[in-house]
Each structure stands twice: as C-alpha cells, then as structure tokens.
Amino acid sequence: MKISAPRGTYDLLPNETRRWQALENKLRAAAALYGYGEIRFPVFEHTELFLRGMGETGDVVQKEMYTFSDKDGRSLTLRPEGTASAARAFIEHGLHMSLLPFKCFYIAPNFRYEKPQKGRYRQHVQFGAECFGASEPQADAEIIALAQSILQDLDVSLHLNSIGCKKCRPDYQKNLRAWLDDRVSHLCETCKTRLERNPMRVLDCKVETCAAAASDAPAAVDCLCPECADFFGRLESLLDEMGVPYVRDSRIVRGFDYYTGTVFEFISREIGAQGAVCAGGRYDGLTGELGGPPTPALGFGMGLERLLLAMEAKGVILPDEATPSVYLAPMGAAAAKICAKLCHELRRLGVTAETDLCGRGLKAQMKYADKRGGHFSAVIGDTELETGRINLKDMRTGDVMGCGASAADIAKTLHILSEVELEC
C-alpha cells in the first residue's frame with residue numbers, strides 16, 4: 001500500500017513555505033497595528049465546547065467535526081474553528097476581569113470533514129481576530145477595517161448585514177419560514193431540514209434552485225428592533241466616514257448559531273463561486289452560552305489557502321525577505337575542510353551559507369547552487385587557500401567581486417552588496 005497524505009490535506013515543501021511565512025508576517029504586522037496580540041490554543045478541545053458554542057443543529061457540528069474518545073472515554077474534537085476556543089480561553093483565564101477590550105489573533109489549523117475543493121481542505125489554516133468586551137459599533141468598524149487593510153490589494157468587496165438580536169430575530173425567522181414554506185418544492189433536501197431548525201441558513205445556500213427561491217426573501221435589516229437598527233446605522237455611518245466601501249447583502253447570515261447583529265464577508269471575484277476569503281461578525285451571547293460572564297464580542301476568520309489563491313489571481317507578490325546567501329564550492333579535501341569552517345562562522349554572523357555535502361564535482365556543485373536559487377557563490381581551491389582571497393560571483397547578474405577569504409570579509413562584502421541592491 002502506498003502511503004500518502006490523507007484526502008483533503010497537503011504538504012508544504014520548503015520552496016512553498018517561504019510564501020506562507022511572508023503572508024504570516026504580513027498578518028502579524030497588520031494585527032499589531034490594531035493592538036491585537038497573538039493567542040495560541042490546543043488543536044483539540046472538549047466536544048461540548050463546540051456543541052454549546054456553535055449549536056448542535058449546524059452542518060459543522062452535525063456532519064464535519066472530527067470527534068473521538070480518549071483513553072478515559074472523554075469526547076474530544078479537533079478544532080473546527082477558532083472563535084469557540086478563543087472564547088473558552090477568555091473565560092478560563094478570567095480575562096473579563098482584565099483590561100478590556102481583550103483583543104487577540106491566531107494563525108492556526110482547523111479541521112472539518114467536508115468535500116475537498118480548490119482552496120478548501122479538511123485541514124486548513126485560518127487567521128482569526130477576536131475582540132471581547134467592546135459593545136460599541138466602533139469595534140465592528142475597527143475589526144472590519146483590520147480585515148480590509150489586509151485585503152486592500154485584492155479584488156474583493158465587503159458584504160454587510162445585520163441578523164438582529166434575540167428580541168427581533170424570532171419574528172424575522174417566523175416571517176422568513178412562512179415565506180419559504182410557499183417555495184419549499186424548490187429547496188434542496190438540506191434546506192428542507194434547515195427550514196424548521198434555522199431558516200436563515202437557506203439564504204446562504206449555494207444550490208441554484210435554493211438561491212433563486214430565496215432571492216426575494218424578506219431581509220433581516222427590515223425587521224430589526226430599534227436598538228439593532230440604530231446600531232447598524234451607526235456602523236454604516238462609521239464605515240462611510242472611514243472610507244471603507246461596502247454593500248448591504250441580506251444573504252449574509254453566517255453558519256454558526258452564536259452570531260448576533262453584525263455579520264459580514266469579504267468576497268473575491270477571482271476564485272470562483274465559493275469566493276469568501278474572510279467572514280465574521282458579532283457573537284455577544286457566546287461567552288454566556290459557554291458558562292462565562294455575558295460579554296459583547298466580535299471577530300472574523302480568514303482562510304490562508306483561499307487568501308493565497310486570491311493573491312495569486314490578482315498577481316500580488318509577497319516580499320522575499322531572505323537574507324543574502326552564499327554557496328562555497330570546495331575543490332579538494334583541504335578546501336572542503338575550510339569551506340565547512342567558513343560556513344559555520346558565516347551562519348554565526350547571520351549569513352545563510354551552504355557548501356557541498358555529497359562529494360560532488362565542481363560542475364555539479366554549481367548546478368546545485370543555481371537550482372537552489374543562491375545569491376552568491378565562490379569556488380575555493382588551492383589558489384584561494386594560498387592567497388587568502390576569493391571571488392564572490394553574483395549568480396543573478398554574473399558580476400564578480402573579490403574579497404578576503406575570512407567569514408568576516410565575506411559577510412561584510414555581502415552586506416555592502418545588499419545595500420547597493422536596496423538603493424537600486
């Protein structure tokens with residue numbers, strides 16, 4: 001039997017991880033500008049966390065969670081999303097008694113058993129931002145602006161909606177259910193079951209017949225209570241003032257039961273029908289549902305795989321932050337010994353350095369260095385050992401610069417070359 005990665009998962013090889021690292025650095029820098037600090041939590045949690053937090057009627061809980069029993073019979077689940085884990089950590093560590101709002105972000109893998117498709121995997125990586133303890137629409141505007149600052153170079157649009165609170169949502173759901181009952185024959189089997197449990201999920205269905213049936217459905221924003229209507233109006237005014245463009249979209253409802261009030265998605269036009277690259281909203285009731293103190297909260301999640309697809313489609317190039325690298329090609333045993341020493345010393349000086357580890361000839365070494373994408377190379381043989389001088393060759397331009405054969409001289413020369421390149 002050939003062993004391969006499980007369906008819906010993938011490997012990132014070294015030549016690919018550089019792009020991921022650059023993206024992660026971009027995300028961390030954006031989060032820091034908005035005052036968000038990194039949080040890290042377990043890959044698995046007690047299953048009850050997701051049952052209580054996400055709602056037992058949702059598709060993720062019913063169909064997509066990886067749940068197992070440990071050796072003591074406790075039910076555990078690989079984390080399907082990050083918000084519930086962040087809320088659990090907020091409660092467990094008593095952060096409601098600390099300085100509020102508490103603002104955190106994470107870059108973490110999630111796990112869902114769903115049909116793999118382009119940019120959507122059973123193990124996927126998510127950048128998430130969560131804000132606990134902020135009740136004003138300024139918090140909604142800020143977290144939307146954070147997401148927009150990351151996505152501003154992409155062809156995306158912000159779709160905004162409000163799904164109301166516990167006071168006004170039941171009446172809306174009743175009206176929506178009655179409206180959909182007259183069109184039940186056009187709904188898919190999944191949406192027929194949703195009709196009683198959570199009719200708002202029908203609005204989010206991507207099946208064409210369901211989308212057509214729900215196209216003229218009543219909008220939640222037309223059924224908001226005075227408090228929710230005022231909050232949503234103030235949010236729209238803030239976004240207008242900040243210059244963050246958006247469109248009202250009554251079909252944005254989100255898939256988890258914990259959402260209340262503001263919901264939003266950033267949708268890309270470049271990556272097909274499943275175009276959401278970021279989604280989020282308010283979940284003011286989540287901490288209370290999990291047994292903690294009622295705390296206003298909001299956040300978003302951004303799938304890195306889909307984000308990279310959107311960046312690739314738009315031609316956005318992530319910066320290459322690699323340090324200057326040098327390949328030292330030895331000719332003979334004495335030179336190989338010196339090259340090993342020089343590489344060791346160069347690395348201690350912060351210079352990426354490599355030398356031959358396979359006993360290759362000079363031609364094969366240079367071919368290897370070229371394929372590795374090295375910046376500079378130097379051949380070291382008897383002449384170089386005798387004179388104490390080497391020639392550093394820029395492998396991109398073919399230019400050659402002489403320097404001393406010590407690690408300090410090589411590092412100094414590379415530093416000078418880097419500054420010249422930056423000035424150009």
Side-chain angles (χ1 to χ4, degrees), residues 7-8 50-51 53-67 77 80-81 83 110-124 126 157 159-164 169-223 247-260 263-281 283 301 303 305-306 309:
R7 185 168 184 246
F50 304 114
L51 296 181
M54 297 162 61
E56 297 187 35
T57 62
D59 289 347
V60 173
V61 170
Q62 287 200 333
K63 303 176 183 179
E64 298 175 4
M65 294 202 315
Y66 283 89
T67 298
T77 295
E81 61 94 38
T83 299
N110 292 333
F111 305 86
R112 297 186 192 175
Y113 187 84
E114 57 183 350
K115 183 180 180 181
Q117 27 186 322
K118 189 176 183 180
R120 193 179 294 270
Y121 300 91
R122 290 177 177 173
Q123 176 180 320
H124 60 278
Q126 187 178 75
S157 57
H159 291 238
L160 187 67
N161 193 22
S162 175
I163 56 175
R169 192 187 305 174
D171 287 341
Y172 171 65
Q173 289 181 317
K174 181 180 178 180
N175 294 338
L176 179 61
R177 187 179 292 112
W179 193 88
L180 290 171
D181 278 339
D182 295 335
R183 297 158 178 80
V184 68
S185 62
H186 299 287
L187 302 182
C188 67
E189 292 303 313
T190 299
C191 282
K192 288 177 182 177
T193 63
R194 288 171 172 165
L195 201 55
E196 286 304 315
R197 301 195 317 261
N198 188 354
M200 293 172 65
R201 289 302 315 281
V202 177
L203 303 177
D204 193 39
C205 184
K206 301 301 187 290
V207 176
E208 288 186 10
T209 55
C210 295
S215 60
D216 297 322
V221 291
D222 296 329
C223 304
V247 293
R248 277 195 183 189
D249 189 344
S250 61
R251 295 176 63 84
I252 303 299
V253 296
R254 306 304 303 125
F256 300 144
D257 290 354
Y258 54 62
Y259 281 108
T260 58
V263 289
F264 62 88
E265 292 184 5
F266 283 87
I267 299 176
S268 169
R269 303 176 184 88
E270 303 282 352
I271 58 175
Q274 301 289 330
V277 293
C278 174
Y283 46 89
E305 292 87 354
R306 299 182 70 76
L309 281 177

State, to 0.1 Å, how close [X] and [Y] come at their nearest heavy-atom pair, and which atoms those are.
X    : Y    : value
Y258 : T83  : OH-CB, 3.4 Å
V263 : V253 : CG1-O, 4.1 Å
Y121 : G8   : CB-O, 3.1 Å
S268 : V277 : CB-CG1, 4.0 Å
R169 : G164 : NH2-O, 3.4 Å
E305 : H124 : OE2-CA, 3.3 Å

>> Once ring pair (Phe, Tyr, Trp, His ring centres under 6.0 Å) is applied, do any residues pair with F111, and if so which ones, sequence neighbours excluded?
In response: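 Testing F111 for ring pair (Phe, Tyr, Trp, His ring centres under 6.0 Å), a comparison that skips the adjacent residues, returns none.
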
Kindly indicate whether the side chain of [X], heavy atoms from C-beta on, has any atom under 4.5 Å from the side chain of [Y].
X    : Y    : result
Y172 : I163 : no
R112 : E81  : yes
T67  : T77  : yes
L203 : L176 : yes

Working to the nearest 0.5 angstrom, can you tell me the gap between [X] [atom1] and [Y] [atom2]?
X    : Y    : atom1 : atom2 : answer
K115 : R122 : NZ    : CZ    : 10.5 Å
C210 : R183 : SG    : CZ    : 13.0 Å
F264 : N161 : CZ    : CG    : 12.5 Å
Q173 : M200 : CD    : CE    : 6.0 Å

>> Around atom OH of Y66, are there more than 12 heavy atoms from other residues, nucleotides or ligands closer than 6.0 Å?
In response: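 Atom OH in Y66 is packed in, count exceeds 12.
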
> Can any side-chain N or O of S162 pair as donor or acceptor with the backbone N or O of V221 at less than 3.5 Å?
Replying inline: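 Looks like no, no N/O pair under 3.5 Å.
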
